[in-house]
Structure formats: structure tokens, C-alpha cells
Amino acid sequence: QVQLVESGGGLVQAGGSLRLSCAASGRTLSSYAMGWFRQAPGKERELVTAITRLGGSTYNADSVKGRFTISRDNAKNTLYLQMNSLKPEDTAVYYCAAVQAYDGYLIYTRASSYDYWGQGTQVTVSS
């Protein structure tokens, strides 16, 4: 199985940028479709963005379109989330997640589809 560790969270002012990383170990990341989720206090975990196993297609939630970009470097076994133009409502714990995907072109949008999760990294955006 794969182990996931997020990093890169922190405190940033509104309008700023952060880049999250998700380092995988145990198995090669190229076997997995990936996603970034977030959970704010008192709210359900929601999908932010997802990417196919081969990295050819992505999905972005409406709330982050044009601001967040998911990418992957399978050679480095790392998933990234570039977050620009951050807003206070982006404040949450961000989690990366993995699902073993035999089809390299599928995107998984439901949390229940994912088998492996990182521990999360806090992102706080001040106004």
C-alpha cells in the first residue's frame, strides 16, 4: 500500500499563494489516481481537485477554478497543489488521497472512492 504525507500548508494573506506537496512512499504513485480534498471546521470534507493516473486530465471544483492547479510528478512520487488568489473561505485542512486505478484516464470525484489518505496540512487564509 501507499503512504501519503502532505506538506506546504501555513498562514497566508488573502490574495496570496501556497504550494502543497504530497509525497508518496511504499508504492509508486503512477499506479494511483489522485485527489486533493479539504475540510473546514463544521463542514464536510469536499473534493477540491483530482487528476488521472497518467496525469492527462484534471477536475476542479467550481470554487477553485482558475485559481488552483493540481499536478503530479510520478518520477518524484509527488503530487502538488498550486493555490493562487487565496480567499479566507479556502481556510481548511487539506488532504491528498489516492485510489489504485487500472484505467489511466479515470478521474475519481467521490471521497468514498479513495483508499489512502494523508494526515492533512492546515491552510489558513487571513482577510
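- Residues Phe68 and Leu18 are not in side-chain contact: their nearest non-hydrogen atoms beyond the backbone lie 4.5 Å or more apart.
- Side-chain contact between Met83 and Val123 is present, with at least one heavy-atom pair separated by less than 4.5 Å.
- In this structure, Thr91 contributes its side chain and Val125 its backbone to a donor-acceptor pair below 3.5 Å.
- Shortest non-hydrogen contact noted between Thr78 and Ala23 is OG1-CA, 4.4 Å.
- Using modelled atom types, no side-chain atom of Arg38 and backbone atom of Ala92 make a donor-acceptor pair closer than 3.5 Å.
- No single ILVMFWY cluster, assembled from side-chain heavy atoms under 4.5 Å apart, contains both Val2 and Tyr80.
- Atom CG of Leu47 is separated from atom CG of Asn60 by 8.5 Å, given to the nearest 0.5 angstrom.
- A 4.5 Å side-chain heavy-atom check between Glu6 and Leu20 finds every atom pair outside the cut-off.
- Contact of the Leu106 side chain with the Val99 side chain is not registered, since no non-hydrogen atoms from C-beta on lie closer than 4.5 Å.
- To the nearest 0.5 Å, the span separating CZ on Arg72 from CG on Leu81 amounts to 13.5 Å.
- Nearest heavy atom pair, residue Ile70 against residue Thr49, reads CG2-OG1, 3.2 Å.
- In the hydrophobic clustering of this structure, Val48 groups with Leu86; members are Ile, Leu, Val, Met, Phe, Trp, Tyr whose side-chain heavy atoms approach within less than 4.5 Å, directly or through other members.
- For the residue pair Ser127 and Ala14, the shortest heavy atom distance occurs at CA-CB, 4.4 Å.
- Separation of atoms OG (Ser30) and CG (Leu54) is listed at 8.5 Å; rounding is to 0.5 Å.
- Separating the CG atom in Leu29 from the CG atom in Leu4 is a distance of 7.5 Å, to the nearest 0.5 Å.
- Between Trp117 and Tyr95, the ring-plane angle classifies as perpendicular under the 30° and 60° cut-offs.
- Remark: the backbone N or O of Arg53 is not paired with any side-chain donor or acceptor of Asp103 at under 3.5 angstrom.
- The existence of a salt bridge linking Lys65 and Asp62 is confirmed by a sub-4.0 Å separation between a basic side-chain nitrogen and an acidic carboxylate oxygen.
- Atom OG of Ser25 sits about 10.0 Å away from atom CD of Gln1, to the nearest 0.5 Å.
- In this structure, Met34 and Ala98 approach most closely via the heavy-atom pair SD-CB, 3.5 Å.
- Ring geometry for Tyr116 versus Tyr32: interplanar angle over 60°, hence perpendicular rather than tilted (30 to 60°).
- The CD1 atom of Ile107 sits 9.5 Å away from atom OH of Tyr59, with the distance rounded to the nearest 0.5 Å.
- Clustering ILVMFWY residues whenever any of their side-chain heavy atoms sit less than 4.5 angstrom apart, transitively, puts Val64 in the very cluster that holds Tyr94.
- Following chains of ILVMFWY side-chain contacts shorter than 4.5 Å, one cannot reach Ile51 starting from Tyr108, and the two form parts of different hydrophobic clusters.
- The nearest pair of heavy atoms linking Arg27 to Ser31 is NH2-OG, 4.2 Å.
- Closest non-hydrogen pair, Gly35 versus Tyr114, comes out as N-CE2, 3.6 Å.
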